[in-house]
Engineer: 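First the structure, then my questions, so here it is.
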Amino acid sequence: MLLILIKIIASAAAVLGLSIVSEKLSPRIAGVLAGLPLGLALSLFFIGVEQGDQFVEQAATSALGGLGATLVFLIAYWIFSDIFSRFRIILAGFFATIVYLIAASAIALLPQERWLLLIVTLVLARLMVIVMREVIDERVDPEDQVNLTLGVLINRSAAAAFAVVFITGLASTVGPAWSGIFSSFPITLLPLLIIVQISYSDQHAYSIIKHFPYGMGSLAIYALATSYLVLPLGIYVGSVLALVLAIMYLCTYLFLSGR
């Protein structure tokens, strides 16, 4: 029960924080910061606590391939969201999830080797950058910002809390490879996109998607480092060091891109 409560609080805080960054700073920065491995770290950490270090080492390796499936999901969400006029968010999320499962199934057939999965993901990230380079960045007008009432905060946190609990709960039934792939599902990014799309516009959400590949390097570093560090150092120390490396990447990228 305590672990579930921690999952709910942490995932809700991640989504709320990113939504505020999107509103107060820009969707571009929120898209990059969405690469902070909050959802992935939560999923892999609790998988490790509940299933053991050997399990999470395999899951972290497969998570590298799962990131590629996440990129395919985001492209599909962007395409379907632009196709449908009615119920676009529901339909885009539904069909993008189907595309995600297809992509994940294809990646799961590959040898679950760290560097092979990393290369596949990096190639997909490059393709996504090329495909979305014409998307115009949008900023939230200060006059249009949504008031963060208690009801808004509760609604924004509920979807993320449900997602992270659901994904980590699958780990004991689907095995390390698939639990690793599922742990890369955008359990914080998807609620963020829905929040921004409902509160503002499609273009604001697309700006987040456009810049996600640049921040995704942080997720890849976290998964790769976790796969190497958990067995010799344990889930607690290994996870912390992997998170430090991931944060260092994001800080470096934001510093260099700012210049």
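By convention here, the first residue in the shown sequence is residue 1.
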Engineer: Going through the checks in order, is the side-chain contact (heavy atoms from CB on, under 4.5 Å) test met by L64 and W115?
Structural biologist: CA-CA 9 Å; L64 287 167; W115 297 103; over 6 Å; no

Engineer: Given the rule that I, L, V, M, F, W and Y join up when any side-chain heavy atoms are under 4.5 Å apart, are I89 and F212 in one cluster?
Structural biologist: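 Yes; F212 is reachable from I89 via cluster members.
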
Engineer: What are the two closest non-hydrogen atoms of Y77 and A96, and how far apart are they?
Structural biologist: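 Nearest heavy atoms, Y77 then A96: N-CB, 3.7 Å.
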
Engineer: Drop me the distance from D82's CG to F80's CZ, to the nearest 0.5 angstrom.
Structural biologist: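 Reported value, rounded in 0.5 Å steps: 12.0 Å.
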
Engineer: Please report the interatomic distance CD(E113) to CD1(I119), rounded to the nearest 0.5 Å.
Structural biologist: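 Spacing of CD (E113) from CD1 (I119) equals 11.5 Å.
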
Engineer: Hey, any chance L101 and I90 share a hydrophobic cluster, counting ILVMFWY side chains that come within less than 4.5 Å of each other, even indirectly?
Structural biologist: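 No.
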
Engineer: Quick one: salt bridge (charged side-chain N to carboxylate O under 4.0 Å, His left out) partners of R114, sequence neighbours excluded?
Structural biologist: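 Scan of R114 (salt bridge (charged side-chain N to carboxylate O under 4.0 Å, His left out), adjacent residues dropped) gives E57.
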
Engineer: Ignoring hydrogens and angles, tell me if any N or O in the side chain of S81 forms a donor-acceptor pair with the backbone of A92 under 3.5 Å.
Structural biologist: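 No, because the side chain of S81 does not come within donor-acceptor range (under 3.5 Å) of the backbone of A92.
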
Engineer: Please assess L71 against L127 for the test side-chain contact (heavy atoms from CB on, under 4.5 Å), listing each intermediate value before the final yes or no.
Structural biologist: CA-CA 10 Å; L71 294 171; L127 291 175; over 6 Å; no

Engineer: Side chains of I75 and I79: closer than 4.5 Å at any heavy-atom pair?
Structural biologist: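 Answer yes - side chains close enough.
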
Engineer: Measure the spacing between CD1 of I102 and CD1 of I107 and express it to the nearest 0.5 Å.
Structural biologist: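 I102 CD1 to I107 CD1: 12.0 Å, rounded to 0.5 Å.
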
Engineer: To the nearest 0.5 angstrom, please state how far the CG atom of L193 sits from the CD1 atom of I208.
Structural biologist: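 So the gap between those two atoms works out to 5.5 Å.
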
Engineer: Closest heavy-atom contact between P37 and L219?
Structural biologist: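 Answer, listing the atom of P37 first, then L219: CA-CD2, 3.4 Å.
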
Engineer: Do I98 and V72 share a hydrophobic cluster, counting only Ile, Leu, Val, Met, Phe, Trp and Tyr and linking them when any side-chain heavy atoms are less than 4.5 Å apart?
Structural biologist: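 Result: yes, single cluster for both.
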
Engineer: In the single-linkage hydrophobic clustering (I, L, V, M, F, W, Y; side-chain heavy atoms under 4.5 Å), do Y228 and V237 co-cluster?
Structural biologist: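 Cluster IDs for Y228 and V237 differ.
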
Engineer: Can you tell me how far apart CG (L250) and CE (M216) are? Round to the nearest 0.5 Å.
Structural biologist: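 One finds 11.5 Å between CG of L250 and CE of M216.
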
Engineer: So does L224 get a backbone contact from the side chain of S227, meaning a donor-acceptor N/O pair under 3.5 Å?
Structural biologist: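 Pair found, side chain donor or acceptor close to backbone of L224.
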
Engineer: Between P213 and V129, which heavy-atom pair has the shortest distance, and what is it?
Structural biologist: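 Residues P213 and V129, closest heavy atoms: CB-CG2, 3.9 Å.
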
Engineer: Do you know which two heavy atoms are closest between H211 and S207, and how far apart they sit?
Structural biologist: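 The answer is CD2-O, 3.1 Å.
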
Engineer: Would you mind listing every ring pair (Phe, Tyr, Trp, His ring centres under 6.0 Å) that reaches into residues 230-252, with sequence neighbours excluded?
Structural biologist: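 Qualifying pairs: F45-Y236.
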
Engineer: Are L109 and L67 connected in the hydrophobic side-chain network, where two residues link if heavy atoms are under 4.5 Å apart?
Structural biologist: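 Different clusters.
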
Engineer: Checking side-chain contact (heavy atoms from CB on, under 4.5 Å) against L243, which of L245, L241, I247, V240 comes through?
Structural biologist: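 Checked L245, L241, I247, V240 against L243; only one passes side-chain contact (heavy atoms from CB on, under 4.5 Å): I247.
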
Engineer: I need the minimum non-hydrogen distance between S218 and A246, along with the two atoms involved.
Structural biologist: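 Closest approach of S218 to A246: OG-O, 3.0 Å.
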
Engineer: Any heavy-atom pair between the side chains of F95 and I83 that's under 4.5 Å?
Structural biologist: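 Sidechains of F95 and I83: no contact.
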
Engineer: Check step by step if side-chain hydrogen bond (donor to acceptor under 3.5 Å, both in side chains) holds for Q112 and S62.
Structural biologist: CA-CA 6 Å; Q112 297 301 291; S62 296; 2.9 Å; yes

Engineer: Which is it for M128 and L124 under the side-chain contact (heavy atoms from CB on, under 4.5 Å) test, yes or no, and what are the steps along the way?
Structural biologist: CA-CA 6 Å; M128 182 173 174; L124 289 172; over 6 Å; no

Engineer: What's the shortest heavy-atom distance between Y206 and M132, and which atoms?
Structural biologist: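 Result for this residue pair: O-CE, 4.0 Å.
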
Engineer: Taking atom CG of L44 and atom CD1 of I235, what is their separation to the nearest 0.5 Å?
Structural biologist: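 Atom-to-atom, L44:CG and I235:CD1 are 7.5 Å apart.
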
Engineer: Mind telling me whether Y100 and F73 have parallel, tilted or perpendicular rings, with 30° and 60° as the class edges?
Structural biologist: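 Rings of F73 and Y100: perpendicular, as their planes differ by over 60°.
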
